[in-house]
Amino acid sequence: MNVNQSAPPVPPFGQPQPVYPGYHQSSYGGQQGSPAAPTPYGAYNGPVPGYQQAPPPGVSRAPPSSGAPPASTAQGPCGQNAYGQFGQGDVQNGPNSTVQMQRLPGSQPFGSAPLAPVVSQPAVLQPYGPPPTSAQVTAQLAGMQISGAVAPAPPPSGLGYGSFGPSRGPQPNYGSPYPGAATFGSQPGPPQPLPPKRLDPDAIPSPIQVIEDDRNNRGSEPFVTGARGQVPPLVTTNFLVKDQGNASPRYIRCTSYNIPCTSDMAKQAQVPLAAVIKPLARLPPEEASPYVVDHGESGPLRCNRCKAYMCPFMQFIEGGRRFQCCFCSCINDVPPQYFQHLDHTGKRVDAYDRPELSLGSYEFLATVDYCKNNKFPSPPAFIFMIDVSYNAIRSGLVRLLCEELKSLLDFLPREGGAEESAIRVGFVTYNKVLHFYNVKSSLAQPQMMVVSDVGDMFVPLLDGFLVNVNESRAVITSLLDQIPEMFADTRETETVFAPVIQAGMEALKAAECAGKLFLFHTSLPIAEAPGKLKNRDDRKLINTDKEKTLFQPQTGAYQTLAKECVAQGCCIDLFLFPNQYVDVATLSVVPQLTGGSVYKYACFQVENDQERFLSDLRRDVQKVIGFDAVMRVRTSTGIRAVDFFGAFYMSNTTDVELAGLDGDKTVTVEFKHDDRLNEESGALLQCALLYTSCAGQRRLRIHNLALNCCTQLADLYRNCETDTLINYMAKFAYRGVLNSPVKTVRDALITQCAQILACYRKNCASPSSAGQLILPECMKLLPVYLNCVLKSDVLQPGAEVTTDDRTYVRQLVISMDVAETNVFFYPRLLPLTKSPIESTTEPPAVRASEERLSNGDIYLLENGLNLFLWVGASVQQGVVQSLFGVSSFSQITSGLSVLPVLDNLLSKKVRGLIDNLRAQRSRYMKLIVVKQEDKLEMLFKHFLVEDKSLSGGASYVDFLCHMHKEIRQLLS
């Protein structure tokens with residue numbers, strides 16, 4: 001598809017819009033009482049009633065009996081939609097993507113009966129070619145009206161398909177209509193010889209096609225950031241960035257790169273104006289890290305009024321003696337030591353020698369004025385706090401962890417070319433009481449001190465608690481050898497939690513440094529102590545007004561504790577190993593508010609989960625992190641930051657406070673108008689992050705971005721980015737469930753999406769029949785992605801999803817970047833045996849629907865947290881032998897989590913691909929091998945997001961119909 005992504009053309013008024021073929025109104029949502037889908041987080045609990053095998057590809061079922069009402073969306077096994085076999089590729093779309101809906105002659109009005117599809121072949125608009133003529137060819141074909149430039153090609157002969165795939169009739173063991181089919185009241189009617197033909201799934205916007213087109217069009221050239229308001233390539237495209245004055249999209253992505261000039265226009269469009277900011281994002285090796293600028297004792301140059309930092313958009317005047325702030329227009333004097341002459345264009349002659357005058361991202365070394373108590377900080381510390389209760393010892397967790405720490409401590413983060421890390425370490429173990437360890441280098445053996453008064457926590461030693469790893473190596477190794485033996489016979493099952501965090505924070509406070517606590521915890525803290533919790537899990541609250549309480553902490557004590565931690569620069573990373581409910585909603589409060597992370601390993605077993613846990617731990621300990629950070633986002637006159645989402649604490653309305661911030665975390669910021677914007681000058685954002693580096697150096701990291709402003713809605717819609725929009729909408733919804741019923745949150749999302757698309761239809765699209773669904777080119781995936789958010793476990797849980805799972809996912813998504821939410825909500829499905837075995841490139845993905853699975857193939861599915869290998873029942877014996885080392889499909893172990901290491905091309909290729917996928921993600925994805933027709937397959941199908949979900953979530957086609965109905969109601 002030859003589309004200029006940054007500015008797709010809008011056809012002149014009155015010319016035909018390209019049209020999606022065969023759009024068909026159908027029921028929205030699931031049936032009451034449908035069995036709930038097993039989920040990635042909970043175990044499968046037995047067979048699903050009425051499960052039937054899907055027909056193999058190329059085999060059609062009999063058409064529905066004449067008495068059955070026409071089904072809008074035929075249902076295959078387990079309630080997934082069956083649209084039949086697919087053709088290759090997707091339709092080509094011009095600036096507007098349209099799907100047309102009309103009534104058959106003599107049928108009832110819209111909304112009262114199923115609609116027959118009107119197939120419209122899209123007029124292919126090439127961005128650089130002449131626009132098509134307004135004449136449209138209309139033909140009658142098989143009782144259907146087909147309008148468009150070309151009639152669709154006939155189906156392949158001999159396959160028994162209609163125009164849009166095989167018919168699916170009543171299924172064995174079911175009466176007609178078959179399960180999931182829309183009955184539309186099911187009143188008897190006259191016999192109908194043929195049901196209306198269903199929508200060809202290739203006729204609606206395909207995420208795979210959009211991703212592929214963007215890779216082909218924009219993956220080969222570097223993205224140069226010089227021009228204002230450029231829409232970057234999609235997050236799914238591999239591209240290099242050349243910083244020429246605006247921050248890289250790896251640091252900042254916006255929902256739109258062209259902002260409405262007025263608040264009225266913004267309200268009319270309903271497109272949220274937001275930026276997803278990842279201040280410490282890791283860059284690929286080909287791109288340079290931000291330059292560090294040292295201005296000496298005078299510190300970085302700033303505007304006197306708004307305190308914005310010097311950046312490429314500042315205007316130097318009066319021969320270079322003064323500068324005008326680009327954010328607030330204040331005129332400032334240039335200090336003598338910073339003075340430089342201007343060239344004939346008014347630019348400083350040293351502009352390209354100074355990062356802050358020529359680049360979008362750079363760092364300043366901070367002076368002592370930017371430090372707490374006007375004192376440079378000490379290097380930070382890591383404290384490892386290990387639960388040694390009965391559960392932790394019995395599962396083998398404590399022994400595994402202590403063994404790993406011996407070698408992991410050599411890989412603490414270090415600055416630049418430093419020989420060793422400046423970070424000091426300390427150790428605490430706990431159950432109902434806390435044990436501190438003195439590991440001073442001069443000791444022959446570590447010393448233990450027990451604090452049993454957990455109600456009044458204090459640190460019993462200062463000297464010898466936080467030590468340099470290399471100096472105290474022998475004592476630390478001795479301690480890690482002794483801990484598993486010391487508690488091997490424990491019978492203590494109760495644990496405390498809040499006092500453990502309190503102790504770690506007090507230790508950092510006494511050492512006068514920032515740092516991070518690594519907490520390894522197994523159970524609900526029910527021991528008598530501050531922060532004691534009770535089991536309040538109650539599934540009966542789901543779908544009631546009280547459901548929100550499940551997401552809220554059960555006591556305010558943890559918020560208070562988090563506030564104290566932030567003030568000390570104490571960040572918490574929590575590793576949970578629960579066998580039952582542990583109240584993640586409450587335990588994750590402190591990690592969430594301090595900029596930390598939560599990892600969860602339900603029913604932890606060393607043999608099954610060791611690789612995942614150790615991989616996550618290694619990455620977590622080694623990653624570069626900023627401590628004791630404060631972030632502020634400044635904007636030019638006309639807009640301001642009004643709302644923030646992420647893992648942080650705010651004590652006022654402008655400063656985002658982070659005890660810790662790593663390269664995976666994002667802060668999402670929403671902007672609103674407070675004045676009119678100017679098309680000529682555009683809008684500016686500056687994100688300034690003040691933090692302490694791993695070596696204890698105080699720094700300021702600055703990111704600048706210039707956006708365009710528009711007076712025409714078409715310009716806004718032409719410069720939006722759907723992936724960032726979905727990231728914002730998901731976070732907005734996931735925060736909303738804390739205070740509103742889930743149904744209210746879901747309805748608000750649907751309404752907002754409908755308003756965005758209705759505004760486009762009304763104000764930007766050429767006039768056309770009300771039966772057409774017209775989508776803006778760069779938002780044509782908004783419905784499919786939004787439906788994935790609505791069907792997610794947080795907003796629509798299946799029966800198997802636990803309260804802890806929902807809370808865990810909720811807090812994960814709140815800090816995800818755009819690439820992570822993209823694959824999390826719409827997983828990647830990769831066929832493994834279609835591409836040549838010797839090919840080293842990643843195989844092209846297919847759409848996430850059961851329709852795309854061939855039982856003669858093997859597929860990998862990943863969503864950033866989960867990884868499945870689905871094996872079709874008819875896979876060739878040679879493939880099974882090469883991959884699993886067994887001679888037949890029946891001998892493959894279902895649920896296998898490690899592929900055997902075999903010396904053949906296919907085995908090496910698949911294992912290499914799995915390693916590559918894991919390397920792209922911030923958390924280790926544990927592999928699960930799923931065989932077709934096996935009980936684990938229901939878990940796998942939960943991720944086929946274009947199909948109807950068993951928890952009642954609509955299929956993509958049904959949701960598109962529903963969105964169209966909503967848009968039409970708004971327009972009428």
Side-chain angles (χ1 to χ4, degrees), residues 223-232 235 241-257 259 273-284 287-293 300-303 306-314 325-327 354-366 370 595 624-626 629-636 639-641 644-646 648 654-656 658 661-671 682-691 693 699-707 721 724 727-728 815 817-819:
F223 177 68
V224 181
T225 71
R228 182 176 84 189
Q230 288 184 96
V231 181
V235 283
V241 179
K242 281 192 177 167
D243 184 343
Q244 290 191 359
N246 281 292
S248 160
R250 303 192 206 288
Y251 294 123
I252 306 180
R253 277 189 178 262
C254 295
T255 53
S256 178
Y257 289 80
I259 297 181
L273 305 175
V276 179
I277 305 174
K278 199 175 181 183
L280 296 181
R282 286 185 312 281
L283 301 179
E287 292 175 24
S289 295
Y291 289 97
V292 181
V293 180
L301 187 56
R302 306 175 70 176
C303 169
C306 71
K307 302 299 180 195
Y309 293 87
M310 179 52 66
C311 72
F313 311 125
M314 297 289 189
C325 177
C326 51
F327 292 93
R354 290 188 176 271
E356 74 274 21
L357 299 181
S358 57
L359 298 177
S361 300
Y362 42 87
E363 290 198 327
F364 291 119
L365 281 188
Y370 291 86
V624 173
I625 180 172
V630 182
M631 183 179 119
R632 182 176 281 197
V633 178
R634 293 179 174 85
T635 54
S636 54
I639 53 168
R640 62 194 170 90
F644 300 84
F645 304 82
F648 52 76
T654 54
D655 293 337
V656 174
L658 301 124
L661 176 69
D662 61 53
D664 298 325
K665 296 281 189 311
T666 65
V667 177
T668 301
V669 187
E670 187 185 3
F671 303 98
L684 301 175
L685 315 177
Q686 184 179 79
C687 163
L689 177 79
L690 174 66
Y691 71 100
S693 74
R699 290 185 177 181
L700 282 150
R701 179 168 287 201
I702 312 295
H703 298 297
N704 305 289
L705 187 63
L707 303 172
E721 206 200 27
T724 311
N727 179 284
Y728 166 83
S815 334
D817 70 12
V818 180

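If you're wondering where the values come from, they're calculated on a predicted model, not measured in any experiment. In this chain, numbering begins with 1 at the start of the sequence shown.
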Centroid separation Phe645 to Tyr728 less than 6.0 Å: yes
Full working for side chain to side chain contact (heavy atoms under 4.5 Å, CB included) between Val633 and Val656: CA-CA 9 Å; Val633 178; Val656 174; over 6 Å; no
Minimal non-hydrogen separation, Thr654 against Phe644, with atom names: O-CZ, 4.3 Å
Minimum-distance pair of heavy atoms, taken over all atoms of Ala275 and Ile252: CB-CG2, 4.0 Å
Candidate list Leu658, Leu700, Ile702, test side chain to side chain contact (heavy atoms under 4.5 Å, CB included), partner Leu689, passing option: Leu658
Residue pair Ser815 / Lys665: nearest heavy atoms and the distance that separates them: CB-CD, 3.7 Å
N/O donor-acceptor pair under 3.5 Å between Arg634 side chain and Cys306 backbone: yes
Side chain Glu363, main chain Ser289, donor-acceptor under 3.5 Å: no
Side chain to side chain, Phe671 and Ile259, heavy atoms closer than 4.5 Å: no
Side-chain H-bond candidate by donor/acceptor type, Tyr362 with Asn704, under 3.5 Å: yes
Residues Lys278, Asp664: salt bridge by 4.0 Å N-O rule: no
Distance (rounded to the nearest 0.5 Å) between His703 NE2 and Gln686 CD: 10.5 Å
Heavy-atom closest pair, residues Ala706 and Asn246: N-OD1, 2.7 Å
Side chain to side chain contact (heavy atoms under 4.5 Å, CB included) between Tyr291 and Leu359, intermediate numbers included: CA-CA 9 Å; Tyr291 289 97; Leu359 298 177; 3.5 Å; yes
Within 6.0 Å of OH in Tyr370, more than 12 heavy atoms from elsewhere: yes
Nearest-0.5 Å distance that lies between atom OG1 in Thr666 and atom CZ in Phe648: 9.0 Å
Test item: Phe223 and Pro249 side chains (from C-beta on) under 4.5 Å apart, heavy atoms: yes
Heavy-atom donor-acceptor pair, Ser361 side chain to Ala247 backbone, under 3.5 Å: no
Side-chain donor/acceptor of Asn727 to backbone N/O of Asp817, under 3.5 Å: yes
Expected output: side-chain Thr225 to main-chain Gln244 donor-acceptor under 3.5 Å: yes
Over all atoms of both residues, closest heavy-atom pair of Leu357 and Cys311: CD2-O, 4.3 Å
Residue pair Leu365, Arg699: steps toward the side chain to side chain contact (heavy atoms under 4.5 Å, CB included) verdict: CA-CA 5 Å; Leu365 281 188; Arg699 290 185 177 181; 4.0 Å; yes
Side-chain touch Tyr309/Glu356, heavy atoms, less than 4.5 angstrom: no
Value rounded to 0.5 Å, distance of CE in Met314 from CG in Leu684: 9.0 Å
Side chains of Val293 and Arg354 in contact at under 4.5 Å (non-hydrogen atoms): no
Step-by-step side chain to side chain contact (heavy atoms under 4.5 Å, CB included) determination, Glu287 to Arg250: CA-CA 11 Å; Glu287 292 175 24; Arg250 303 192 206 288; 2.5 Å; yes
Taking every non-hydrogen atom, the tightest pair across Ile277 and Cys687: CG2-SG, 3.8 Å
